[in-house]
Amino acid sequence: MVGPQMTLSGASGARDEQARHEQRQGILQFVVVSNSIVERPSEETLITLIGLKNVFAHQLPRMPREYITRLVLCPKHRSLALVKNKTVIGGICFRMFPRQGFSEIVFCAVSSNEQVKGYGTHLMNHLKDYHIRHGVHTFLTYADEFAIGYFKKQGFRKEVHLAKTNYLGFIKDYEGATLMECQLNSKIPYTELSVVIRHQKEVLKKLIKQQQDSIRRVQPGLTCFKQGVRQIPIGTIPGIWEAGWKPSSNDRVMEVDSSVSDLNTVVKQLHSELTSHSSAWPFQTPVDKAVAPDYYTFIKYPIDLQTIGSKVSMRQYTSLQLFIADVQRMCFNCRSYNDPATEYYQCANVLEAFFMARVREVVGST
Ligand code: COA
């Protein structure tokens with residue numbers, strides 16, 4: 001299944017693998033042929049066209065033979081032939097309407113002894129690449145009840161997006177059949193798609209393994225509850241960010257600005273409560289490089305209560321959200337740099353828990 005809305009399961013590489021392998025070995029060939037009234041077609045082209053007509057006639061017994069012969073030999077139609085060991089074993093007959101922006105798939109078949117080997121899929125992929133090269137990005141086809149399943153797997157849908165004015169009067173209407181459409185994506189190399197997806201899967205698996213190996217670390221666990229803390233933000237749990245956790249909208253205290261009546265009074269009050277908290281001592285001033293020489297190598301966005309205080313005085317916090325972000329960053333920096341067993345780390349947890357609880361009270365009371 002290789003249309004723009006494909007599911008990955010259909011393009012796992014299994015279905016068209018044999019066909020691609022046989023093509024590389026020269027066993028299979030895909031050629032576009034058509035009759036011509038301007039110049040005499042080569043004998044090889046005529047043999048291929050007759051081979052195609054025979055395959056279609058065998059595989060589509062409900063279609064009148066004369067009708068198949070007429071369309072296959074019609075110079076306005078082209079056919080993509082699948083040739084195996086010099087014998088035509090399948091093909092797709094189509095008519096391009098470049099000005100109308102689509103191509104009609106008229107017949108599509110693979111000889112019965114060669115079916116379900118992935119040839120039908122690879123054939124359609126070749127047709128897709130061929131059309132992209134010719135600037136046509138939509139296929140239309142009338143599929144009977146037996147063919148709908150196959151076309152669905154090739155990315156066709158019953159919902160037709162092409163404007164009716166583009167195809168009405170151009171495409172043959174088949175009674176009892178369903179009109180299906182496939183939109184092509186010009187960025188996709190369809191004949192290589194399953195290989196590309198397989199490589200992407202392999203790369204993804206490696207990246208996931210790398211990530212898992214890097215976070216396979218046992219954290220010491222939370223002790224702040226023993227110190228009387230009743231609730232802590234999820235983001236303060238050791239290792240949770242490294243494991244890929246992202247705050248959900250419920251975890252954020254974001255959309256609060258409008259409910260805070262006097263922003264500057266509130267941030268001043270909160271800042272004052274923070275600086276006088278018993279766990280605030282590691283955060284009062286910027287980290288001294290003499291004490292922690294590598295601190296500024298690890299921590300790219302340092303912040304501390306003194307700096308936050310200056311920003312409060314200069315009324316730089318135009319929203320409560322910005323103020324909260326600075327305090328959380330301060331605690332996050334501390335936890336990133338220090339080991340969870342250290343007092344610094346515990347202070348960051350306690351102070352942040354206190355701060356977030358106060359923010360909720362303040363927001364709730366306004
Ligand atoms: N209904 C539902 N699914 C079908 C199908 C059908 N009639 N024919 C094939 N499939 C499925 C295959 O099982 C396979 O699915 P999978 O990838 O999940 O395993 C997928 O479609 C493609 O199979 P593939 O081996 O690439 O196709 P093929 O070489 O067998 O060719 C046809 C498919 C339809 C061209 C071939 O079966 C055929 O010639 N049928 C008779 C003519 C016909 O009905 N033509 C279509 C209308 S013009």
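In listed order, ligands and their atoms are each counted from 1. Atoms considered below: every heavy atom in the structure, side chains included; atoms not considered: hydrogens, waters and symmetry mates. One is the number of the first residue; the rest follow in order along the sequence.
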For ligand 1, which part of Lys153 has a heavy atom less than 4.0 Å away: the side chain, the backbone, both, or neither? side chain
Among Phe146, Phe56, Tyr142, which one has a heavy atom closest to atom 1 (N) of ligand 1? Phe146
Interfacing atoms of ligand 1 (cut-off 4.0 Å, heavy-atom, Lys117): 25 (O)
Which heavy atom of Ala143 sits nearest to which heavy atom of Met180, and what is that distance? CB-SD, 3.8 Å
Where's the contact between Asp144 and ligand 1, heavy-atom distance under 4.0 Å: side chain, backbone, both or neither? neither
Phe94 and His77: aromatic ring centres closer than 6.0 Å? no
Do the ring centers of Phe102 and His137 come within less than 6.0 Å of each other? no
Identify which of Gly149, Ser112, Cys108 has a heavy atom lying nearest to atom 46 (C) of ligand 1. Cys108
Enumerate the atoms of ligand 1 whose separation from the nearest heavy atom of Ala109 is less than 4.0 angstrom. 35 (C), 39 (O)
Only heavy atoms count here, so choose which of Cys93, Gly118, Gly120 is nearest to atom 29 (O) of ligand 1. Gly120
Between Glu192 and Arg20, does any side-chain N to carboxylate O distance fall below 4.0 Å? no
Are the aromatic rings of Phe355 and Phe323 close, with centres under 6.0 Å apart? yes
Below 4.0 angstrom from a heavy atom of Ala147, which ligand 1 atoms are there? Numbered from 1 as shown, please. 46 (C), 47 (C)
